[in-house]
Amino acid sequence: MRRASWQEYQKDIADDKYYYARSCIRQNFFPGSEKAFLDILTNNLGIDIYDDPLHTSCTGIGYHSDVVPLETIMTVVARQFSLMAEAGYENFISSCITSFGIYNEVLATWEEFPETEERTRRYLKEATGRELVKPRSIAHTSDIMFHHRHAIARQAKRRLINVHTGEPLKVVEHIGCHYAKIFPKSGIGGSEFPYVLAGMIEAWGGDVVDYPERRHCCGFGFRNYLVQANRGSSIANSHKKLESMAPYKPDFIVANCPGCTMFLDKWQYAIAEMDGTTYGADGRGIPVLSYEEMAGLVLGYDPWKLGMQFHQVDVEPLLDKLGVEYSPEAKYLGPDGKHIGRPRDVAVNCEEVRRIYEIRR
Amino acid sequence: MTFFAPFTIPFIVGTIFLFVAVATKWILWIARLPKVDRRLIAHNFFSLGTLAAIWEVVRESLLHAKIFRRNPLLGFMHMSLAFGWFLLIVVGWIETIVYLGFEMIPLQGHVFFKYFMPLNGIEAHIPLFEQLMDALLLLVLTGVALAWFKRIASKAMGMRRATKHVLFDRIALSALWFIFPARLVAESLTAALYGGNGFLTGTLGGFIGELLPTEVLTTLYEPAWWFYSSALGLFFVAMPFSRYMHIFTEIPLIFLRRWRLRPTLERKSYDNFEVEACSRCGICIDPCQLQEDLGIHDTQSVYFLRDRRYNMLSLKVANNCLMCGRCEAVCPVGINLTTLRINSRAKRRNIPHEGRYRYLTSLDRSSGEGKVGYFAGCMSSLTPAVQHSMERIFEAVGEAVWYADKDGGVCCGRPLMLSGETDAARKMVAYNTDLFRRHEITTLVTSCPICLRSFRENYHLDGIEVLHHSQYLDRLIAEGRLSVKQGEESYSYHDPCELGRGSEVYDEPRRVIEAVGELREPRHSRRDALCCGSSLANTVIGDEQQLRIARRMTRELEETAADAIVTACPLCHKAIARSTHHTVVDIAEVVARNIAE
Amino acid sequence: MSTLNFGYGINRPRAIDLDNNDLRKSNAIIAEMPELQACIGCGSCTASCTAGAITNFNFRKLHTAVRRGEYRGVYEELSKCMLCGKCRLVCPRGINTRGLVMLIKRKLGDF
Amino acid sequence: MAHRVVIVGGGAAGMQTALELKSRGIEPVIVERDIELGGKARGWYKLFPSFTPAGDVMRPLAERVKRERIRCFYGQEVTEFAPDGVILRSGERIPADAVVVATGFTLFDAHRKQEYGYGLYDNVLTSVDLERMMNSGAVTLADGSMPRRIAILHCVGSRDEKVCQKHCSKVCCITGVKQAIELKQMFPEADIFNFYMDIRMFGPGYEELYREAQERHNIHFVRGRISEAAETINKRIQIKAEDTLTGRPLRMTVDMLVLLVGMSANYENAELAKRAGLELSPNGFFRTVDSFLGAVRSQREGIFFAGAATAPKSLADTLAEASLTASAVDEYLKNSFNK
């Protein structure tokens, strides 16, 4: 990549012993990704990561929607940290970009306004009897994946290359705003062009698409989406990004923020309904992956085990390009092997997808 | 008796054509008059106005008294052509009656009587008529010669620029120039062959008779009459489409005007009479400052009327006019040039969005209470000294005043009107009228001559006396309500167009100035005063052009070497102030400074 | 097309899009009166404006929008102008503002 | 024997000072870091506001320096200066009776404003690149084609605290106007947009040129700073700004983006000032005694300044100031040595 500026913005990432904080959206909309993350770290990389059943939501969505007050969220965050300490860890990693922003923001606030830290310490003590212990390092899970990208590449079963043409896949990477736009130093590569996903893509053989609206927000914006009257603005943001990336004919989008992953995926359906516009080759939509899914595919995980059937835009065309062997019928089978039913065909991908299946048979 | 010869055919055809064409125009124009106008005609038909109109026709259409007064040589030219020709026809008519008694003679019999005399064996010549007719012919020929001369050297005729004409004008003009010389030749040849003792045709005939053999004379005889008849016929055919239509338009116009018909802000059929009454004499060109100062030569009233008549009026020509009224002041036909100009601009109808003027409802920024209302005008907020001075004066005389727009008001509407946005202007008019009525004022004083003219001409403010502040000040001083000190200072006064020519207010400001100091007049003043160039009526000329007009006008004011330049219009004030280093003040300031304690 | 009622649509971007705006009218206006380009945005016109004192009429903003190819609503908004000419008296760049109002209305008008 | 004055820097300021000193019977010595004289103005195409070719100003200066046999050291960097002489990087010391610092400025490195994509996108260039292109006679896009739409961005590296350049570089506004006119003359069909924060037309004839650019050349001036630039698939530049005069964001795609790079203080100023016992202004330029009678004097007797070493200056200002410097040096030498 011509952009070399990312090297100016580096941060220390611990090599091992992580305390894992989950993401509300990720575990609800594509729980396979979190499972895959834990599996990759534990099984493929042999890293110690602790998934604590005691931890809770960071309440960030409520906070950004003016529902949860600052004191509350600080105390919740303080509790997560103390849980980490109790579990014997000091490297806190968060699966959610919103949470990641929250943890950084709370820590910075404590730093700038020590009285808030004191107050939080008191609240935590009064409410839970726990002591606040601040983590040694904070990282987003994509940072961890980035940190180990070369190790993953060494174990890769396939690269991000179109098996039919031999060309690298064109990948649009989308970074959640709260990853580095709040604190440029909190992200790898700074706030303008974070390198965290681009680094993985390049390490695994793909090509990063540098398109004009690359830095633009997906439009989630909490109140922008949560209040129906504002949703027109929310979808307009994704629309703008999709319009901007479309000429580059990307093979897929990868995002590190659970909200963005969901919105860039699902808005494609809404745009198709509202506007009649469909993106991607033959209007089949541009598949949107989480970086865990991308890593999982590279490492040869089964796409349905990764939970890729949860996507709005069907991923089969991408799987075909990657040369992934998969069973089309298995897509709609539950863990018990029983058919869970298939969703209604929708504007964004119904006709074409059925055609692809027929071709493959 | 025979009164037909083949050569008369062009004349007869031309005459019939002319008659039909003119009649058609008249009938169409009258028929299309709006009901109000037709009612006015019916109402005023039997009135003194009609008699006055007849007298005016004689004075203006035949004698051209107005042009005479302005430029005797030019007046003589027009008079000799119009009145001379008229007398030729009338006297010619009497001549045939004298020769032949009251007998039914066709038209060509009268016109070509000299030709038909020998044909019908009339040999006796009555010297009185011979001489009279020759004298009249000479009169007309003098006019033609002057017209030729004017084409070649307009300056010598007291006109810096002569009108540029259209094709029909050129045809008609050429034909006209040849009619009378042709008649002279034809009648002289007749005299040479058949005798005649007029001092002109007889002498010339005798001379030709001696010079040329009879065979040549007989060969030339018929062609000469053919040529004369053809020139007449051609002129008559071209006439309704040329500027000479003014001859047959001015007469009904004079009557209609006496019956109180006027052009309005909307175009109407009456405008045809005004537009086609223009003879394109070009007198309006010289006073135009756009021509004099900016070298713009296509927009003057004569060209504007011409373009409008032939439906080739461009928006630029219509808009490029200061509407200073200098041309209107000199127009010999008295055409309402300003109003016609305005209604030419108003050809676009503009259907306003229903909510457009909603902001006007319940808007009232006025303050104070009193029977006298003061409307400073939009521009006056850029010359606050005027407002302050008026307030001081009001205070000094103890006048209870209602201030209509001290805190910003709604425009009087005239600027919109001048730009042809009549519909929008009416909204402003309605708003302000309602405002004045609501506050029950009986006198309305304004510091802006534009507003003044608007209130007088476009508002219906019955029961409210509308005054310019100079008039109001004059009255205060005359009535002894305001005593002022007579000072040593001298003032050179600039007549604002809308106040002077527009509203006929010339004397009041002068009296006011003379009450406080010495009045000095610039070279052009009163009806002849120059425009400052910033006129709202013109949306075409640029800033630099405005400045050029203002500079020349201001120079004349400076040349009076007065201590200060005084004007009575905020717009003129601004224009003068940017063109000079002299002190420029409004008349209200002059008074306010000289209030006797 | 959509049979679903989402209760919202894709918002039109607020941004002036100079790539897609039709600049032909704006170019024609500038070609006729190039002095419009000389505006330095001082706001004197709007500050002195008679109509601006009683409505939110803003000539400076309007003609700037027109120059960027944003014509929506301009004609109607411009009709608030009373053509009083104060703006022309105060313009430091000597722009024939009244002429411009007329010109823009003519080019964008619904006459 | 004539007094010797070492002039650090052989740009316009250095040369003019040297010539003036020479004419006053003083022996000037120029130490130039580059291998030839001329400084930043070398390679410049035309000068504002008169479109005078830069060579017409710079060439005669260099020729006169040569003709007057003024001693010049080329390719030599001064690492330390004091009133009694300078020390070169080679260690060599040139003794002097006074020193004139005419070290000029450093062009702002446009890479530092990463959001404008200089060095990343082929058709983003700086005003300096453009001058060089014009000098070489061919201004084209990277693919050799002609631009149809050009944006010129003012204040790149000026008045921008985000890159620690709080000062105004003074000459960029008029340069932007000049280059816009030159581009318009080269590409009459092209639309040119100048994005500015303020337009500062301080010099004689500048305002007139600005107006000419607007009215005669139909150059669009948009008050608003470009926030970011991105390359489109066909190598054009998509830019975003606020059109502050309409209060709305604005986006457009241009073929070429010209960045009007500002004048930064030389990086070495800090070290040089420390060694010489001088102070710097907050913007990193050398601090003078004051802006009036002491405008070319340093806080130390015997060290003088000329040109843009003390603040951004136009070439005209620089040349005028150099004469002033020479006269101040002359006065100093007379007072200090001839008592």
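Heavy atoms only: backbone and side chains are in, while hydrogens, waters and symmetry mates are out.
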Checklist entry - At a heavy-atom separation under 4.5 Å, does B/Asp405 approach chain C through its side chain, its backbone, both, or neither? => result neither
Checklist entry - In terms of heavy-atom proximity below 4.5 Å to chain C, should B/Met428 be classed as side chain, backbone, both, or neither? => result side chain
Checklist entry - Should we count CZ of C/Arg72 as having more than 12 external heavy atoms under 6.0 Å? => result no
Checklist outcome for this item: Here the gap from C/Lys105 atom NZ to B/Glu421 atom CD, rounded to the nearest 0.5 Å, amounts to 3.5 Å
Checklist entry - With no hydrogens and no angle check, is any side-chain donor or acceptor of C/Asn96 less than 3.5 Å from a backbone partner on B/Ile541? => result yes
Next on the checklist: With a 4.5 angstrom heavy-atom cut-off, is it the side chain or the backbone of B/Gln546 that approaches chain C, or both, or neither?
Outcome noted: side chain
Item to check | Closest heavy-atom pair and its distance - B/Tyr359, C/Lys80 | outcome: OH-O, 3.7 Å
Item to check | Least distance between heavy atoms, C/Leu83 atom then B/Pro415 atom | outcome: O-CB, 3.1 Å
Checklist entry - Among B/Leu360, B/Leu363, B/Asp407, which has the most heavy-atom pairs under 4.5 Å with chain C? => result B/Leu363
Checklist entry - Roughly how far, to the nearest 0.5 Å, is NZ of B/Lys427 from CE of C/Met82? => result 13.0 Å
Checklist entry - Does any heavy atom of chain B fall under 4.5 Å from the side chain of C/Arg88, the backbone, both, or neither of them? => result side chain
Next on the checklist: Is the shortest side-chain heavy-atom distance between B/Leu571 and C/Leu89 below 4.5 Å?
Outcome noted: yes
Next on the checklist: Testing the basics here: between C/Arg98 and B/Ser419, what is the closest heavy-atom pair and its distance to 0.1 Å?
Outcome noted: NH2-OG, 3.7 Å
Next on the checklist: Counting heavy-atom pairs closer than 4.5 Å to chain B, which one of C/Leu100, C/Thr97, C/Ile54, C/Thr55 comes out on top?
Outcome noted: C/Ile54
Checklist entry - How far apart are the closest heavy atoms of B/Ser381 and C/Lys86, and which atoms are they? => result OG-NZ, 2.7 Å
Checklist entry - Heavy-atom distance under 4.5 Å to chain B: side chain of C/Cys91, backbone, both or neither? => result neither
Item to check | Segment of B/Arg365 engaging chain C (4.5 angstrom heavy-atom cut-off) | outcome: side chain
Next on the checklist: Is B/Leu536 close to chain C through its backbone or its side chain, or both, or neither, when contacts mean heavy atoms under 4.5 Å?
Outcome noted: both
Next on the checklist: Within the 4.5 Å heavy-atom criterion, are C/Arg106 and B/Leu315 side-chain neighbours or not?
Outcome noted: yes
Item to check | Contacts of residues 8-29 of chain C with chain B (heavy atom under 4.5 Å) | outcome: none
